[in-house]
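We number each residue from 1, following the sequence as shown.
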Amino acid sequence: MFCCLRAVRRLCLEKILLQCILQSRTLSGADAINALRPFYFAVHPDFFGQHPKEREVNENSLKRLNGYLENLQKPGFRSFKPTQLTFYVREREPNSSNVQESFSASGFRAVSFTLHTRDLLSTVLDILNSCSLSTEHIQSLNVNSQPHKESKSTVNRPIKWDKTYYSFTGFKDPEEELEQAQRVETTLISWLDDNEASAVKKLKKSLPLRKELERLKFELSHQLQLSDIRWQRSWGIAHRCSQLHSLGRLVQQRPEVLKNVKGRTVVFTDRSGMSAAGHVMLGTMDVHHHWTKIFERLPNYYKLQKRLLFLEDRISQLLGGIQVIYIEELQPLLTLEEYYETLDSFYNKLRDSRLPFHPRSLRGLQMVLESDRYAPSLHEFGHFMIPTVCDPATLQWFFFAKAQEARHNLKRKEEMMITEKELIDTSTEKFSLDRLYKEPSVSSAQMIDCCKRLLEESLPYLQGMHLCISHFYSVLQDGDLCIPWNWKN
């Protein structure tokens with residue numbers, strides 16, 4: 001019996017000791033930023049200018065990661081959900097890892113991991129370990145729970161590695177690379193001079209595949225009576241054709257399972273299911289077996305979608321008639337189940353608070369729900385961005401304080417969209433472009449500014465080309481020209 005008591009006592013002491021160690025090793029926000037510097041340099045979107053797909057993935061994942069880190073620092077914040085992230089990490093050395101990694105010949109690798117930690121230190125260590133990055137430098141940080149009075153002069157000191165380290169190991173100095181990337185300022189004319197020939201060659205090579213893609217898309221849309229076929233990522237034409245061929249084979253093998261997809265939009269993306277917008281998602285890494293299951297489950301998805309629309313309507317009634325919307329271009333890609341859970345949680349909190357709203361006081365206004373925000377805000381397009389954890393009383397005050405500005409922004413949005421379309425049509429005609437489009441991350445205001453300045457130029461290089469307005473210069477693999485919206489002359 002005494003042996004058992006000693007064992008229990010030892011176990012309790014170990015537990016207390018471990019808790020003390022963890023409490024004594026905490027990071028401040030500034031420490032976390034410094035500790036993650038190697039990670040930020042490894043995934044910084046500026047280094048992926050020639051790889052638009054990977055750049056977009058990193059940009060979206062960094063936004064979600066920053067939201068996660070911000071929430072960790074909010075006092076009293078306890079509503080944490082596991083967050084799955086994917087980053088393309090610039091390759092140094094193919095080290096082994098516990099997470100799933102795929103290596104490419106492009107100088108980077110894809111790393112996926114899930115964050116479920118509740119403190120900054122554990123989160124930082126998880127990120128660095130998942131990406132096979134060193135954690136030794138964290139020991140040099142002042143990680144304790146004491147006030148940072150004595151360390152005030154060093155807490156914000158950025159971590160520096162001696163230049164001899166890079167000379168000895170052969171690794172590239174990330175700070176030097178980033179400075180060079182930002183220092184070189186390319187002009188539109190010079191870049192078109194240097195890249196026109198390459199773009200024309202790639203475009204001509206892709207023309208047969210482009211025709212094949214349009215044929216496949218038209219035939220499948222007609223055969224399945226689809227509303228549209230889309231792609232979430234900027235995949236190449238050959239990749240898209242391959243996906244449509246795969247869907248076509250499934251239609252031939254199992255035509256009965258696709259009868260429920262009539263009138264829907266099919267989106268090829270990273271995972272299978274139904275999106276919050278009601279589109280059928282087909283994961284490009286999934287096999288026919290997974291796609292078949294999704295098509296078979298469509299009737300159940302449609303039932304869930306009806307319940308979701310009912311929830312949106314109930315929230316609208318509780319909030320003075322405001323419309324609850326989901327904007328694909330501006331919000332993270334959510335499944336129908338994830339979005340329903342978000343709406344249900346928000347509705348229950350709202351119902352219990354019993355806020356006094358006039359039934360029609362917010363009619364004509366719009367709001368989106370976001371789980372990675374902490375404070376409400378008003379978008380330039382006029383819709384409210386409301387965090388699911390927002391205090392109902394704060395929400396009520398914010399709506400009333402910003403309602404007039406929101407109505408003004410909504411009216412301005414309509415005017416801007418008309419102006420944007422007119423400028424796109426005018427620019428396409430003037431430069432004899434085959435296509436002019438923009439990335440979803442480019443706002444209407446940025447597109448309008450870009451087109452106005454383009455129309456002042458004489459650009460014979462663009463005749464017959466596909467021009468994408470983006471945030472960087474690039475020639476895509478199928479010959480599309482990408483230029484930043486704020487290009488320099």
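Residues Leu115 and Arg64 form no side-chain contact, since every pair of their non-hydrogen atoms from C-beta on lies 4.5 Å or further apart. In this structure, Ser206 and Leu203 have side chains that are in contact, with non-hydrogen atoms separated by less than 4.5 Å. Arg210 has its side chain within reach of His466: a pair of non-hydrogen atoms, C-beta onward, lies under 4.5 Å apart. With a 4.5 Å cut-off on side-chain heavy atoms, Leu343 and Glu312 count as touching. Side chains of Phe268 and Leu244 form a contact here, defined as non-hydrogen atoms less than 4.5 Å apart. In this structure the side chain of Val280 never reaches within 4.5 angstrom of the side chain of Leu226, judged on heavy atoms. Side-chain atoms of Met274 and Leu298, non-hydrogen and from C-beta on, do get closer than 4.5 Å to each other.
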For a side-chain contact (heavy atoms from CB on, under 4.5 Å) check, start with the C-alpha distance between Tyr340 and Thr335, then their side-chain angles and the critical distance, and finish with the verdict. CA-CA 9 Å; Tyr340 180 85; Thr335 64; over 6 Å; no
Apply side-chain contact (heavy atoms from CB on, under 4.5 Å) to residues Ser246 and Trp291 and explain how you reach the verdict. CA-CA 10 Å; Ser246 186; Trp291 289 4; 3.7 Å; yes
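Taken from CD in Glu328 to OG in Ser275, the straight-line distance is 5.5 Å, to the nearest 0.5 Å. In this structure, CG on Leu258 lies 12.0 Å from CD on Gln225, to the nearest 0.5 angstrom. Note: Phe295 CZ to Asn260 CG = 10.0 Å, rounded to the nearest 0.5 Å.
Here Glu338 pairs with Arg271 in a salt bridge; the nearest charged N to carboxylate O distance falls below 4.0 Å. With respect to the salt-bridge test (charged N to carboxylate O, under 4.0 angstrom), the residues Glu256 and Arg254 qualify. A salt bridge does not link Asp449 with Lys438: every distance from a Lys NZ or Arg NE/NH1/NH2 to an Asp or Glu carboxylate oxygen is 4.0 Å or more. The pair Glu439-Arg55 does not meet the salt-bridge criterion, since no charged nitrogen lies less than 4.0 angstrom from a carboxylate oxygen. A salt bridge links Asp228 with Lys217: at least one charged nitrogen is closer than 4.0 Å to a carboxylate oxygen.
A centroid separation of 6.0 Å or more is found between the aromatic rings of Phe381 and His383.
Using the six-membered ring where Trp is involved, Phe87 and Phe113 have ring planes that are parallel, under 30° apart on the 30 and 60° scheme. Between Phe384 and Phe398, the ring-plane angle classifies as perpendicular under the 30° and 60° cut-offs. Taking the six-membered ring for Trp and thresholds of 30 and 60 degrees, Phe218 and His222 have nearly parallel ring planes, at less than 30 degrees apart.
Counting non-hydrogen atoms of neighbouring residues, nucleotides and ligands closer than 6.0 angstrom, the CH2 atom of Trp397 reaches no more than 12 such neighbours. At most 12 non-hydrogen atoms from other residues, nucleotides or ligands lie less than 6.0 angstrom from CD of Glu429. Counting non-hydrogen atoms of other residues, nucleotides and ligands closer than 6.0 Å to CD of Gln463 gives a total of 12 or fewer. For Phe400, the CZ atom counts as densely surrounded, since its 6.0 Å shell holds more than 12 non-hydrogen atoms of other residues, nucleotides or ligands.
Looking at Glu59 and His471, their side chains never bring a donor and an acceptor atom within 3.5 Å of each other. Between the side chains of Gln317 and Arg314, at least one donor-acceptor pair of N or O atoms lies under 3.5 Å. A donor-acceptor pair shorter than 3.5 Å cannot be found between the side chains of Gln404 and His408. When only modelled atom types and interatomic distance are considered, Asp119 and Ser122 share a side-chain donor-acceptor pair under 3.5 Å. Between the side chains of Asn348 and Arg351, a donor-acceptor pair is found at a separation under 3.5 Å. No hydrogens or angles considered: a donor-acceptor pair under 3.5 Å links the side chains of Asp480 and Tyr437.
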